[in-house]
Amino acid sequence: MDGAGGPGEGPAQEALQSLSQRLQVQEKEMELVKAALAEALRLLRLQAPPASLQDSGMIAPTRASPAAPPGLPPSCSPSLVSRGTQTETELEMEPSPGTPGLSNGPPAPQGGSEEPSGTQSEGGGSSSSGTGSPGGTGSPGILRLVQLPQCTDPARRNSSSSPSERPRQKLSRKAASSANLLLRSGSTESRGGKDPLSSPGGPGSRRSNYNLEGISVKMFLRGRPITMYIPSGIRSLEELPSGPPPETLSLDWVYGYRGRDSRCNLFVLRSGEVVYFIACVVVLYRPGGGPGGPGGGGQRHYRGHTDCVRCLAVHPDGVRVASGQTAGVDKDGKPLQPVVHVWDSETLLKLQEIGLGAFERGVGALAFSVVDQGAFLCVVDDSNEHMLSVWDCSRGTKLAEIKSTNDSVLAVGFSPRDSSCIVTSGKSHVHFWNWSGGVGVPGNGTLTRKQGVFGKYKKPKFIPCFVFLPDGDILTGDSEGNILTWGRSLSDSKTPGRGGAKETYGIVAQAHAHEGSIFALCLRRDGTVLSGGGRDRRLVQWGPGLVALQEAEIPEHFGAVRAIAEGLGSELLVGTTKNALLRGDLAQGFSPVIQGHTDELWGLCTHPFQNRFLTCGHDRQLCLWDGEGHALAWSIDLKETGLCADFHPSGAVVAVGLNTGRWLVLDTETREIVSDVTDGNEQLSVVRYSPDGLYLAIGSHDNMIYIYSVSSDGAKSSRFGRCVGHSSFITHLDWSKDGNFIMSNSGDYEILYWDVAGGCKLLRNRYENRDREWATYTCVLGFHVYGVWPDGSDGTDINSLCRSHNERVVAVADDFCKVHLFQYPCARAKAPSLVYGGHGSHVTSVRFTHDDSHLISLGGKDASIFQWRVLGAGGSGLAPATPSRTPSLSPASSLDV
């Protein structure tokens, strides 16, 4: 037997040594636990009579007690929790009804989620909730301490055991001792039947437990506890800033134009300003320079709408504007009804609100009457019956209403000669309406319809546009590329219908104008007509008798013609289906003055020392924007969806992450791809250079962070390592100021820390990272920003976050079309903010420019880019003389601007 056991002594001895080393580590942790608890007891003894401690059964500390660990606030009274190989120090307070910053949360999982390498993340860790020592019922909010079990020296306890069994016995007793420390003070009965980790709440609610003088705060997202450690320099949460920030935002510029899926969206006002819309904003743009010149000019914005604007109409006086919005929902799920706003373009003040509660789904088309100085407004909604209604503009009352058709209606207009004649066109129809009676008497008017008959002419699938000629005839443009002339004729008594129209319209001429559909017709001041084609992208000027006089072709990368407006002199404004606004004339051609993306946006980064920023999205375009000139510097086709981007600190190159696991590095001057690498086959959600430019971190949906070492110019890179440990996809990450560490968030609300310079190691003791300084702060989970989360959040309500470079404010992009501005640090629950609207979809990203003078925000599906000027403390510029919207205090303690 002795001979057989000899060869096995080696592995057994190694196992015992390994266990012994682990035991030594845990013993050191226990020393830290005992030291902190002893210091807490000492402080309590100074504040309470000794008799009270003896009566309560607590162990009185001795003078020889070790000092508290460095960084712990001397005034805190923590309970210490040891989990596995890392120590968490938390302060436990009983819940107090009405305590500021606390909210009911969902039941928390009792076991938490198991993580790789046996570690617990801040977001994923959960401590077991057991019953504490029976201590009776205490007053709410009273601080309670954990009573430690009596411990003896490990060597004496194990003196009778054999040497080979002692390490194992030590480990088992150590595990039991650590488990005892998990017991919470006070029973659930003494807490009113509620355990902090399992109190009831909605499945998506956020509850925050925090300690006024503790060392950690805890919040819940989807029932998952997220523990965040308080920096040692903060002695109390009460000393943190409260209230909204002194800085404010003013909308400076909006990039983009909604031409992809809307019509009736481009006009020129009497002042010479061009009016169009994107998202929830109506833009009044004054071109700068000569025709075809660079961006320049200026913008003003009407921001009275609560959801996306779908159509426009300009009053005959050239000053008043009507804009109709679609239906939507607010952040509480309550419906936002479609409505029409009539407003003054000079003062940006709303004059009348028409049809609130009268329309369904949205407002599809609008038109002012002409012959009676715009006294009436015709509206077609987006309901199944496409209700046609006539309204008194001055009173806001409905004069007549009728179901128009089940087919889509694309255009509506009053005859410039007779306000009783209304024309609509759309899918497979042209309708001529006669409106009679009801003037001044709400609801008493009648509308009768005459359907346009095509006769021997081919009936097109769509008639997207029409225009009235000075002689009373009507021109229609259809999907076959034809322009039809509808002439007036006396009505036939045998013509079916109930109307009493004295005249009707019939086709008198046809001209084939374009290959493909005609999207726009425009009557010029000289009596000629312009037509804009879809497939052929041609602009054609027509004289009397539909004789072609002149034409021009729009470059392919701008898309097809969507709308045409006549500017000053011979100048023309053209809106395109690729969301560009062009300026020029038929002789000299056209150049873009407003450009934008055409699909959902996600990627955004700002230049390290210039007022430039880069965007990318589902339209596969990578665009570099000049924030000072308000123009597109360049764009390239990525061939794949771009989701994230970041500039190298030198500004010479930019890294772009795609949805296929591929990432590119491009030279910002030559636009050439200098590096093309693929990591996995999952989409990339974040790329970030270290502040010194030596590393590039790439967060993927395969739960890994890939680290690359980078050359000084950023052009070359090589794999350095991988950060493995997240249990869900990476969402955000930031580098420390020294460029050696990373903080990361994941889809299951984990907060992990990594030592990159030390070999991409996961830092298990997160408490030691509480004082680490971060070069950027874009992680949405962390102590410094946990106050930005609203009550009832399900963890997906905040899409992006960015701290300003001066570390004064935090900008937040949420799922409810809003941009928020908080003070930094924002570490108080229910922190107030300034709230800014304008986007018509979830806001996907926000970033400050290099000097914090501007903030850039991206709309998701509305494909809009907003450039906000930062005003106030730390900001530059002056507030506009006429604000776009008057601030008002919302019930959520946020200033809605």
Side-chain angles (χ1 to χ4, degrees), residues 101 228 231 233-234 237 239-253 604-609 611 613 627 691 732 734-735 737 743 745 773-790 797-814 816-839 843-858 865-880 883 885 887 889-890 892-897:
M228 295 156 286
I234 300 176
L237 295 185
E239 68 186 37
L240 295 175
S242 61
E247 291 83 357
T248 60
L249 299 180
S250 174
L251 186 56
D252 181 41
W253 197 268
L604 169 65
C605 62
T606 54
H607 197 279
F609 50 84
N611 194 5
F613 59 94
H732 307 83
D734 292 292
W735 286 91
K737 289 186 176 181
M743 170 176 58
N745 293 168
E773 295 184 346
W774 303 101
T776 60
Y777 212 120
T778 60
C779 286
V780 297
L781 296 173
F783 170 77
H784 295 83
V785 297
Y786 88 93
V788 306
W789 286 90
D797 294 336
I798 293 178
N799 298 315
S800 177
L801 176 149
C802 183
R803 180 193 68 191
S804 62
H805 297 87
N806 59 20
E807 301 187 12
R808 295 177 58 92
V809 293
V810 172
V812 172
D814 72 14
F816 311 108
C817 316
K818 297 294 189 293
V819 174
H820 299 252
L821 204 61
F822 294 87
Q823 285 202 71
Y824 180 86
C826 185
R828 303 184 69 170
K830 298 182 180 180
S833 68
L834 300 177
V835 185
Y836 298 88
H839 285 289
V843 186
T844 56
S845 187
V846 287
R847 290 292 183 271
F848 285 96
T849 55
H850 71 101
D851 57 358
D852 294 331
S853 62
H854 293 84
L855 174 73
I856 311 299
S857 62
L858 300 185
I865 305 172
F866 286 12
Q867 179 173 311
W868 306 84
R869 184 179 298 276
V870 181
L871 303 175
S876 61
L878 299 175
R885 189 172 176 184
L889 194 62
S890 69
S893 298
S894 297
L895 194 61
D896 194 1
V897 181

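Predicted model, so just to flag it, every value in this text is computed and none were measured.
When atom types are taken as modelled, the side chain of Tyr786 and the backbone of Met228 share no donor-acceptor pair closer than 3.5 angstrom. Distance alone, capped at 3.5 Å, places no donor-acceptor pair between the Ser845 side chain and the Ser800 backbone. Side-chain atoms of His805 come within 3.5 Å of backbone N or O of Thr849 as a donor-acceptor pair. Although no hydrogens or angles enter the test, the distance criterion places a donor-acceptor pair under 3.5 Å between the side chain of Gln867 and the main chain of Gly627. Using a distance-only test at 3.5 Å, with no hydrogens or angles considered, a donor-acceptor pair links the side chain of Trp789 to the main chain of Val780. The main-chain N or O of Cys779 is found under 3.5 Å from a side-chain atom of Asp734 such that the two form a donor-acceptor pair. Judged purely by atom type and a 3.5 angstrom limit, Arg803 uses its side chain to pair as donor or acceptor with the backbone of Ala775. Listed for the Glu807 side chain is no donor-acceptor partner under 3.5 Å among the backbone atoms of Tyr824. For the pair Asp852 (side chain) and Asn806 (backbone), a donor-acceptor distance under 3.5 Å is present.
The shortest non-hydrogen separation linking His850 to Pro608 is CB-O, 3.3 Å. Residues Pro244 and Gln823 share a closest heavy-atom pair of O-NE2, 3.6 Å. Nearest approach of Thr606 to Phe848, heavy atoms of both residues: OG1-O, 2.9 Å.
In this structure, Leu801 and Tyr777 have side chains that are in contact, with non-hydrogen atoms separated by less than 4.5 Å. At least one side-chain heavy atom of Pro245 sits under 4.5 Å from a side-chain heavy atom of Leu834. Side-chain contact between Val819 and Val812 is absent, with no heavy-atom pair separated by less than 4.5 Å. Contact check for Ile234 versus Glu239: side-chain heavy atoms found under the 4.5 Å cut-off. No side-chain heavy atom of Phe866 sits less than 4.5 Å from a side-chain heavy atom of Val843.
The CH2 atom of Trp774 sits 10.5 Å away from the NE2 atom of His784 when rounded to the nearest 0.5 Å. Taking NE2 of His732 as the start and CE of Met743 as the end, the distance is 11.0 Å to the nearest 0.5 Å. Annotation: the span from Lys818 atom NZ to Asp797 atom CG amounts to 13.0 Å, rounded to 0.5 Å. Asp252 CG to Leu855 CG: the interatomic distance, rounded to the nearest 0.5 Å, is 11.5 Å. With values rounded to the nearest 0.5 angstrom, Ser853 atom OG is found 10.5 Å from Leu871 atom CG. The structure places CD1 of Ile865 at 8.0 Å from CG of Leu604, a figure rounded to the nearest 0.5 Å.
Ring geometry for His820 against Phe822 counts as parallel: the plane angle stays under 30°, on a 0 to 90° scale with 60° as the upper cut.
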Apply side chain to side chain contact (heavy atoms under 4.5 Å, CB included) to the pair Val846 and Trp868, showing each step before the final yes or no. CA-CA 10 Å; Val846 287; Trp868 306 84; over 6 Å; no
